[in-house]
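First up is the structure itself, then whatever we jot down about it.
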2 protein chains.
Amino acid sequence: MKIPTACVARGRPREFDTDKALAAALSVFWAKGYEGASMADLTEAMGITKPSLYAAFGNKEALFTKALDLYQREKLAYVSEALKAPTARGVAEHFLRGALEIYSGEKCRGCLTVIGASACGDEAEGIREEVVARGAAAKQALLERFERAKQDGDLPANVDPQGLAAYLTAVLQGMSVQAGAGASRSELEQLVEICLATWPGA
Amino acid sequence: MKIPTACVARGRPREFDTDKALAAALSVFWAKGYEGASMADLTEAMGITKPSLYAAFGNKEALFTKALDLYQREKLAYVSEALKAPTARGVAEHFLRGALEIYSGEKCRGCLTVIGASACGDEAEGIREEVVARGAAAKQALLERFERAKQDGDLPANVDPQGLAAYLTAVLQGMSVQAGAGASRSELEQLVEICLATWPGA
DNA sequence: GGTTATATATACCGAACGTTATGAAAATTC
DNA sequence: GAATTTTCATAACGTTCGGTATATATAACC
């Protein structure tokens with residue numbers, strides 16, 4: 001009994017590593033945004049030609065979506081990790097310190113989700129909606145975590161979980177904006193400290 | 001003795017109001033960002049043709065700069081107003097409520113300064129630097145105000161004015177991002193309330 | 001009225017954009 | 001080894017971009 005060999009590659013084998021190429025594409029999108037990254041920028045960074053890119057990834061929009069998946073999987077892993085913290089303050093601390101680590105990188109500064117959510121040309125509207133939807137999902141997860149925290153008596157009675165989720169999200173987004181504007185890591189760190197020092201209920 | 005009449009218009013008079021045209025251009029830039037706003041978008045909204053635009057405003061970059069001036073003069077007037085508040089908390093409150101008013105507009109959402117600071121194509125790098133510089137100036141003014149507040153004993157001894165300025169700026173920037181992502185006014189308002197409720201020293 | 005100066009409208013420019021047709025190269029299958 | 005299938009490299013596609021040349025219209029000056 002033989003396993004059918006139809007699954008092995010049939011034609012000429014691909015000469016590049018799609019994972020490495022996708023990682024390179026992510027760097028370009030991260031640094032320049034969706035519209036700011038031209039196909040020429042992408043193919044140069046990925047080390048492949050345009051037909052190879054189209055054959056492997058579909059088109060620019062599909063490439064961006066795949067890069068966004070990679071970004072969430074690798075760089076935003078701290079998000080799901082932070083939600084597991086035992087207290088609301090612990091969640092906030094994990095969020096802020098994790099974001100600080102990612103946003104203040106050497107080459108890519110800020111958060112791809114925030115960069116991609118910026119208003120740009122009409123043809124990128126679909127991209128914007130996609131990015132905004134993913135951001136909204138993260139904010140929703142944070143809201144549910146804070147609602148649970150309030151039930152646990154982990155938050156003062158007068159604080160609104162919805163507002164708190166929007167507030168923490170805003171601080172993170174603002175951190176991304178400042179990182180993109182060239183703020184140093186220590187400047188962002190001060191920001192984190194203030195936010196933690198004034199966290200409701202200690 | 002006659003005043004020389006050389007100052008009156010000599011050729012064919014302009015058929016449009018440059019102030020109104022600039023206001024229309026500002027709306028387009030505000031909604032779509034610098035690169036997202038095409039010359040076709042701009043001329044249509046301004047109700048003039050491309051040669052008229054170039055004759056009156058120079059080029060796209062100069063038009064954006066003039067629109068940015070108008071934006072700061074008209075929409076960001078609350079900034080200099082807020083800095084005059086007697087206490088640091090009052091400054092923050094004026095800032096947050098003023099921003100809430102501007103960012104949650106009907107057509108244009110978020111802050112043009114935050115939108116313009118987003119990474120985009122290489123040729124818009126000059127624009128980005130200009131916008132970032134203006135944002136840095138505002139942050140600097142806030143820093144100086146908080147330093148004075150600390151001297152006045154208006155802030156707890158353990159808070160760092162630099163961090164506090166970066167922190168408040170971040171909340172405002174985050175508010176802009178969420179407004180741009182479609183957050184309702186009440187959502188932004190909750191955010192403001194949390195920030196004020198947790199403001200250092202009450 | 002003739003001259004001069006400015007504004008308008010149409011049409012066009014070269015460059016860059018995302019995308020694809022075309023043919024040669026390299027692997028498997030028979 | 002011939003047929004087949006997929007990838008690669010070059011070059012081109014049509015469109016849109018920001019910006020302009022040209023010609024005509026409309027005002028003030030003399």
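Computed from heavy atoms alone, side chains included, the values below leave out hydrogens, waters and symmetry copies. Numbered from 1 within each chain, the chains take letters A, B, ... in sequence-line order.
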*Mind checking B:Pro51 for me? I need base, sugar-phosphate or nothing, with any heavy atom below 4.0 Å counting as a touch.*
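Base, at least one base heavy atom under 4.0 Å.
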
*Could you write nucleotides 13-18 of chain D as a row of B, S and -, 5' to 3', where a protein heavy atom under 4.0 Å of any base atom gives B, of only sugar-phosphate atoms gives S, and otherwise -?*
----SS

*Short side-chain N/O contact to D:dC8 OP1/OP2 from A:Ser52, under 4.0 Å*: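 Looking at the OP1 and OP2 atoms of D:dC8, one of them is under 4.0 Å from a side-chain N or O of A:Ser52.
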
*Looking only at side-chain N and O atoms, does B:Arg10 come under 4.0 Å of OP1 or OP2 in C:dT4?*
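No, outside the criterion.
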
Nearest-Å distance, [atom1] ([X]) to [atom2] ([N])?
| X | N | atom1 | atom2 | value |
| --- | --- | --- | --- | --- |
| A:Ile127 | C:dG18 | CD1 | C1' | 13 Å |
| A:Phe57 | C:dT19 | CZ | P | 14 Å |
| A:Glu44 | C:dC17 | CD | P | 12 Å |
| A:Lys32 | C:dA16 | NZ | C1' | 13 Å |
| A:Glu15 | C:dA25 | CD | C1' | 9 Å |
| B:Ile48 | C:dT6 | CD1 | P | 18 Å |

_What I want to check is whether the side chains of A:Gln178 and B:Gln173 have a donor and an acceptor closer together than 3.5 Å._
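Present: a donor and an acceptor within the cut-off.
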
*Indicate whether the side chain of B:Gln151 and that of B:Glu147 have a donor and an acceptor atom separated by less than 3.5 Å.*
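No - no donor-acceptor pair under 3.5 Å links their side chains.
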
_Whether B:Lys60 engages the ring of B:Tyr34 as a cation-pi pair (distance to the six-membered ring centre under 6.0 angstrom, angle to the ring normal within 45°) should be assessed._
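Because its charged atom sits under 6.0 Å from the ring centre and within 45° of the axis, B:Lys60 does stack over B:Tyr34.
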
_Whether A:Glu125 and A:Arg128 form a salt bridge (side-chain N of Lys/Arg under 4.0 Å from carboxylate O of Asp/Glu) is what I want to check._
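Yes.
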
*Identify whether the distance between the nearest side-chain nitrogen and carboxylate oxygen of B:Glu15 and B:Arg12 falls below 4.0 Å.*
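Result for this pair is yes, salt bridge flagged.
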
*Please name the pair of heavy atoms, one in B:Leu63 and one in B:Leu42, separated by the smallest distance, quoted to 0.1 Å.*
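Of all heavy-atom pairs spanning B:Leu63 and B:Leu42, the closest is CD2-CD1, 4.0 Å.
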
*Give a yes or no on whether a donor-acceptor pair under 3.5 Å exists between the nucleobase atoms of D:dT26, that is its base, and the side chain of B:Arg12.*
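Donor-acceptor pair under 3.5 Å: no.
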
